[in-house]
Amino acid sequence: MGIYLNPGPDKFERAVSSEIYVDKTGLIAETNRVLGTEQCYVCISRPRRFGKSMAANMLTAYYEKGYDSSELFAPYKISQSADYKKYQNQFQVIALNMQNAMSRTKTVESMLAYIQKEVICDLQESYPEFVLQNYSVLSAALERLYSKTKEKFIFIIDEWDCIFRDKRITDEEQEKYLDFLRDLLKDNGYTALAYMTGILPVKKYGTHSALNMFEEYSMTVPLQFAEYAGFTEQEVHSLCASYGIDVGKMELWYDGYTLGNIPHVYNPRSVTAAVLSGSFESYWTKTETYEALKIYIEMNFDGLKDAVIRMLAGEPVTVNPAKFQNDMKTFRTKDDVLTLLVHLGYLAYKKEHSQVYIPNGEVRGEFLNAVEGEYWKEVVQLIQGSEELLRATWNMDTARMEEIIDKVHMNQTSILKYNDENSLACVISLAYYSAVNYYTKIRELPAGRGFADIVYIPKKNIDKPVLVIELKYNHSAAGAIQQIKDKKYVSALQGYSGDILLVGINYDKKSKRHQCVAEKFQFNDSKEDK
């Protein structure tokens with residue numbers, strides 16, 4: 001057992017000994033499947049505090065020689081896999097944390113020299129029959145070992161991209177680092193598996209494609225590793241049941257990421273902290289200042305500010321992540337910025353629609369902290385009045401509703417075009433910003449003989465009426481209410497036992513004023529339920 005060669009199971013033992021450990025050992029079956037194949041190069045990119053290091057420590061504990069991990073893994077899912085025993089403790093594992101190595105050196109060149117010297121030292125202690133200390137190039141030492149022993153190695157490299165995120169390095173230093181990794185890992189007989197973790201995907205650092213052998217699994221393309229990116233809905237519900245935690249509040253605060261075929265992914269750091277403390281707060285976002293987010297969303301790209309406003313209003317925004325350069329400094333369009341925010345965890349991504357959105361209450365709070373100052377003045381004014389608009393709607397005080405929405409319109413004309421029902425819908429959504437605290441919002445809800453424009457459905461244990469909102473542009477608010485009835489939009493709520501409010505909002509282009517109509521609806525008083 002060395003420092004970097006077969007470093008021992010201590011770190012993973014600490015994870016499973018914690019009060020909360022969620023079994024993610026199924027990931028091992030996925031890496032077993034690609035061992036020794038052309039697909040043995042795996043790069044997992046996830047936001048910070050999404051369990052990357054825990055997974056790296058788990059793989060190290062499972063594969064490394066010199067230790068019997070049977071007892072450690074026996075209680076978990078991987079022990080039921082057909083290949084569980086076949087690969088367990090069968091490999092020499094070289095485990096590197098690039099963040100630690102970087103912190104101990106000053107330059108990329110000195111960092112690479114440090115890593116190679118330390119690993120070769122470990123190799124020499126494990127293979128005293130060979131003279132390895134004369135080697136300064138790690139790949140050369142491993143080639144010599146492999147030629148004599150046919151020993152296979154597994155490489156676990158955590159925080160591989162830290163030098164691109166945390167240091168301003170030159171293109172030359174970048175290429176030296178990538179060339180080191182390529183020379184160490186690619187096209188050699190001794191590599192059984194190379195598993196790297198980071199925040200950013202790997203392939204597009206400038207024009208250099210040194211690591212194109214890696215299969216990438218990211219927040220935009222998670223594939224079979226989706227369920228290991230965070231906590232799933234089932235895992236969180238199980239924790240809530242065990243600790244008596246309100247599931248509804250947990251969903252509001254930390255749910256919202258969608259990864260592949262996993263529709264509900266939670267931030268593991270935040271869920272764990274909330275369960276242990278019994279308090280719902282912004283735990284994940286406390287690990288980095290909102291100023292970092294502010295820098296990105298205030299970049300001067302056409303359409304970026306409009307996109308942020310729409311997402312604050314609860315609207316998804318279409319994005320093309322394909323041209324993102326996979327670094328934190330090369331930005332050409334708003335899509336580059338939005339794609340980076342997906343990889344950093346500030347936005348979630350729905351691949352089937354190529355859309356991004358703000359995932360949950362925790363991250364939404366971070367956006368609210370970031371949208372301050374003169375640049376966001378109109379947005380802040382809209383949000384500040386949203387609670388009052390909700391109260392006016394619940395009270396069916398249409399005069400006050402019209403007054404607030406007119407004010408919203410006056411304040412927002414410089415930030416959003418306001419010339420059709422779609423732009424009206426965005427403004428109304430932003431005006432009702434505070435509804436996220438009470439409701440699940442559905443745009444274009446299929447119902448009856450059409451689609452209701454906006455429907456707000458109360459969250460669990462929230463005693464508020466459903467809001468069915470129909471919007472009109474240059475028509476009438478009364479006509480909007482009548483459309484809700486004629487097209488039977490409320491039929492989608494059949495069986496709902498709480499109050500339902502029908503809300504019609506019209507904008508008159510000539511007068512530049514809004515008209516609002518609100519009325520209560522009950523199924524048993526209408527033909528709607530027949």
To the closest 0.5 Å, what do you measure between CD (Glu519) and OG1 (Thr398)?
11.5 Å
Asp161 to Ile199 - nearest heavy-atom pair and separation
OD2-N, 3.0 Å
With heavy-atom distances below 4.5 Å as the criterion, would you say the side chains of Phe301 and Leu338 are in contact?
no
When you check the side-chain N and O atoms of Gln483 and Glu470, is any donor under 3.5 Å from an acceptor?
yes
For Leu390 and Ser434 the tightest heavy-atom approach is CD1-C, 3.7 Å
Nearest 0.5 Å please: distance from the CD1 atom of Ile28 over to the CG atom of Leu59.
6.0 Å
Any donor-acceptor N/O pair, Ser18 side chain to Tyr21 backbone, under 3.5 Å
no
Kindly determine whether Ser45 and Glu216 satisfy side-chain contact (heavy atoms from CB on, under 4.5 Å), including the steps that lead there.
CA-CA 8 Å; Ser45 59; Glu216 298 185 59; 5.9 Å; no
Given side chains that start at C-beta, do those of Thr272 and Phe231 come closer than 4.5 Å, heavy atoms only?
yes
Quick check for you: to the nearest 0.5 Å, what is the distance between Thr197 atom OG1 and Met54 atom CE?
11.5 Å
Please work out whether the ring planes of Tyr283 and Tyr254 are parallel, tilted or perpendicular, with thresholds of 30° and 60°.
tilted
Checking His514, Gln515, Lys472 against Asn506 for side-chain hydrogen bond (donor to acceptor under 3.5 Å, both in side chains), the one that qualifies is Gln515
Are any of the side-chain heavy atoms of Val319 and Thr339 separated by less than 4.5 Å?
yes
Ring centroid separation for Trp376 and Phe367, is it under 6.0 angstrom?
no
For the atom pair CH2 (Trp160) and CZ (Arg165), what is the distance rounded to the nearest 0.5 Å?
9.5 Å
When Tyr346 is tested against each of Tyr357, Trp284, Tyr296 for ring pair (Phe, Tyr, Trp, His ring centres under 6.0 Å), which residue passes?
Trp284
List the atom of Asp453, the atom of Ile469, and the distance in Å for their closest heavy-atom pair.
CB-O, 3.3 Å
One thing to verify: whether Glu366 and Lys294 come together as a salt bridge, which I'm taking to mean a side-chain N less than 4.0 angstrom from a carboxylate O.
no
Determine whether the aromatic ring centres of residues Tyr473 and Tyr507 are separated by less than 6.0 angstrom.
yes
Quick check on the 6.0 Å ring-centre criterion: do Phe214 and Tyr41 meet it?
yes
For Gln234, does the CD atom sit with more than 12 other heavy atoms under 6.0 Å from it, leaving out its own atoms?
no
4.5 Å side-chain heavy-atom contact, Leu27 and Met58:
yes
Under the salt bridge (charged side-chain N to carboxylate O under 4.0 Å, His left out) definition, can you give me all pairs with a residue in residues 18-31, not counting sequence neighbours?
Lys24-Glu235, Glu30-Arg33
Side-chain H-bond candidate by donor/acceptor type, Glu315 with Ser429, under 3.5 Å
yes
For Arg332, which residues count as a side chain to side chain contact (heavy atoms under 4.5 Å, CB included) partner, sequence neighbours excluded?
Gln325, Thr330, Asp336
May I ask you to check whether His264 and Tyr257 place their ring centers less than 6.0 Å from one another?
no
Verdict with reasoning, Tyr439 to Tyr432, per side-chain contact (heavy atoms from CB on, under 4.5 Å):
CA-CA 10 Å; Tyr439 292 98; Tyr432 279 99; over 6 Å; no
Check whether any side-chain heavy atom of Val342 lies under 4.5 Å from a side-chain heavy atom of Phe324, and answer yes or no.
no
Euclidean distance, Asn437 CG relative to Leu252 CG, rounded to 0.5 Å:
6.5 Å
Check whether any side-chain heavy atom of Met196 lies under 4.5 Å from a side-chain heavy atom of Leu211, and answer yes or no.
yes
Taking NZ, NE, NH1 and NH2 as the nitrogens, is one of them in Lys512 or Asp508 under 4.0 Å from a carboxylate oxygen of the other?
no
Residue pair Leu471 / Ala425: nearest heavy atoms and the distance that separates them:
CD1-CA, 3.3 Å
State, to 0.1 Å, how close Pro268 and Gly230 come at their nearest heavy-atom pair, and which atoms those are.
CD-CA, 4.0 Å
Say whether Glu362 and Ser282, considering side chains only, have a donor N or O and an acceptor N or O under 3.5 Å apart.
no
Salt bridge (charged side-chain N to carboxylate O under 4.0 Å, His left out) between Lys377 and Glu374: does it pass, once the steps are laid out?
CA-CA 5 Å; Lys377 181 177 67 176; Glu374 192 67 23; 3.3 Å; yes
Donor-acceptor contact below 3.5 Å, side chain Asp335 vs main chain Pro321
no
Is there a side-chain contact between Val275 and Ile20 in this structure, where contact means two heavy atoms from C-beta onward sitting under 4.5 Å apart?
yes
Derivation and outcome, side-chain contact (heavy atoms from CB on, under 4.5 Å), residues Ile44 and Tyr228:
CA-CA 10 Å; Ile44 304 289; Tyr228 309 112; over 6 Å; no
Electrostatic pair Glu403-Arg400, nearest N-O below 4.0 angstrom
yes
Quick one: does Lys441's side chain have a donor or acceptor within less than 3.5 Å of a partner on Ala313's backbone?
yes
Establish, from distance only, whether the side-chain atoms of Ser279 and Glu281 form a donor-acceptor pair under 3.5 Å.
yes
If you compare all heavy atoms of Gly385 against all heavy atoms of Ile404, which two are closest, and at what distance to 0.1 Å?
O-CG2, 4.2 Å
Tyr438 ring center near Trp394 ring center (under 6.0 Å):
yes
Can you tell if the side chain of Val468 reaches within under 4.5 Å of the side chain of Leu493, non-hydrogen atoms only?
yes
For Thr258 and Val265, what are the C-alpha separation, side-chain angles and deciding distance, and is it a side-chain contact (heavy atoms from CB on, under 4.5 Å)?
CA-CA 6 Å; Thr258 299; Val265 176; over 6 Å; no
